[in-house]
Amino acid sequence: MSTVLEVNNIQVVYQHTVQALRGLSLSIPKGSIVTMLGANGSGKTTTLKAISGLLHLENGDITSGNIQFFGKDTRGTPPHKLVRKGLFHVMEGRRVFEELSVESNLIAATYADKEYKKNERLEEVYSYFPRLEERRRQSAGYLSGGEQQMLAIGRALIAKPKVMLLDEPSLGLAPILVNEIFEAIKRINAENGVSILLVEQNAALAFSVANYGYIIEHGRVALDGTIDKLSQNTDVQEFYLGIEKHGKSRSFKDVKHYRRRKRWLS
Ligand SMILES: Nc1ncnc2c1ncn2[C@@H]1O[C@H](COP(=O)(O)OP(=O)(O)O)[C@@H](O)[C@H]1O
Ligand SMILES: [Mg+2]
């Protein structure tokens, strides 16, 4: 299977001092959904920003390693050019233009694509997210969190991505909207062949859509494998899926603490 995106052993440093990634590698096969899990601060968002070229906005730098998008090194390619080549990063926190209407938010995103067919593109987004069509004339600022997340993903879809990076799309949303969003993610992948790198806090949810997963700890990959393999791992069950072991329930929040005592699979 061909690979659309490959991250090779990257190190990332912020402000010349804070090392956020320490030799992280991952790859996204064409047409797949790959998920990244890990405790807060483990480096997931940094990985996405390194891929989409947004690190420099925060004075971050890839100090070694490289990233290949369709076999080409992304170093030196500005973020807007990567968008045109089909790499779209949906940032955490659902960044939309709150004062613009839903439809204007979508139309604004079409400028990323020179030969866009506006109505066709809008119809496609509305086919995934009927709620956005119902609210197309409303200001985006009045949408619920879940609807704003739909709009953020819709803006990505308008740009006809080949690869979508999604940073915690379920964060803080009502379960019913989370379901709608994840159904749409599955369809976008299956029907449009968009490869997806999905960062999630909710491991069970991520596992329900992904083919392959990486567990990130302290700026590097601690464990990776197919979802089948990861779901059978007892550490993953205990810390990410909340399945009890030794009769004592613990949570994903304990992961950071846990790693001081025991390395994964050591
Ligand atoms: N703009 C920044 N400046 C300095 N350090 C940062 C910045 N952004 C993130 N970091 C640090 O990099 C590490 C990884 O952060 P991040 O990638 O946001 O983790 P995650 O998304 O997994 O929660 C953390 O230690 C965090 O404090
Ligand atoms: Mg993050």
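Reckoned from all heavy atoms, side chains included, excluding hydrogens, waters and symmetry mates. One-based numbering, in listed order, for ligands and for the atoms of each.
In this model, no donor atom of one side chain and acceptor atom of the other lie less than 3.5 Å apart for N202 and E168. Side-chain atoms of Y14 and N59 include no donor-acceptor pair closer than 3.5 Å. Between the side chains of Q68 and N66, at least one donor-acceptor pair of N or O atoms lies under 3.5 Å.
Look at R131 and E134 and you find no salt bridge, because none of the NZ, NE, NH1 or NH2 atoms lies under 4.0 Å from a carboxylate O.
With sequence neighbours excluded, the residues that form a salt bridge (Lys or Arg N to Asp or Glu O under 4.0 Å) with E183 are K186.
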Sub-3.5 Å pairs, protein N or O with ligand 1 N or O:
from     : atom 1 : to  : atom 2 : distance (Å)
ligand 1 : 1 (N)  : E58 : OE1    : 2.7
ligand 1 : 3 (N)  : Q15 : OE1    : 3.4
ligand 1 : 17 (O) : T46 : N      : 2.8
ligand 1 : 17 (O) : T46 : OG1    : 2.5
ligand 1 : 19 (O) : G43 : N      : 3.2
ligand 1 : 21 (O) : T45 : N      : 2.9
ligand 1 : 21 (O) : T45 : OG1    : 2.8
ligand 1 : 22 (O) : S42 : N      : 3.3
ligand 1 : 22 (O) : S42 : OG     : 3.4
ligand 1 : 22 (O) : G43 : N      : 3.0
ligand 1 : 22 (O) : K44 : N      : 2.9
ligand 1 : 22 (O) : K44 : NZ     : 2.7
ligand 1 : 23 (O) : G41 : N      : 2.7

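The nearest N, O or S atom of T45 is closer to the Mg ion (ligand 2) than 2.8 Å.
Crowding of I176 atom CD1: a count of heavy atoms from other residues, nucleotides or ligands under 6.0 Å not exceeding 12.
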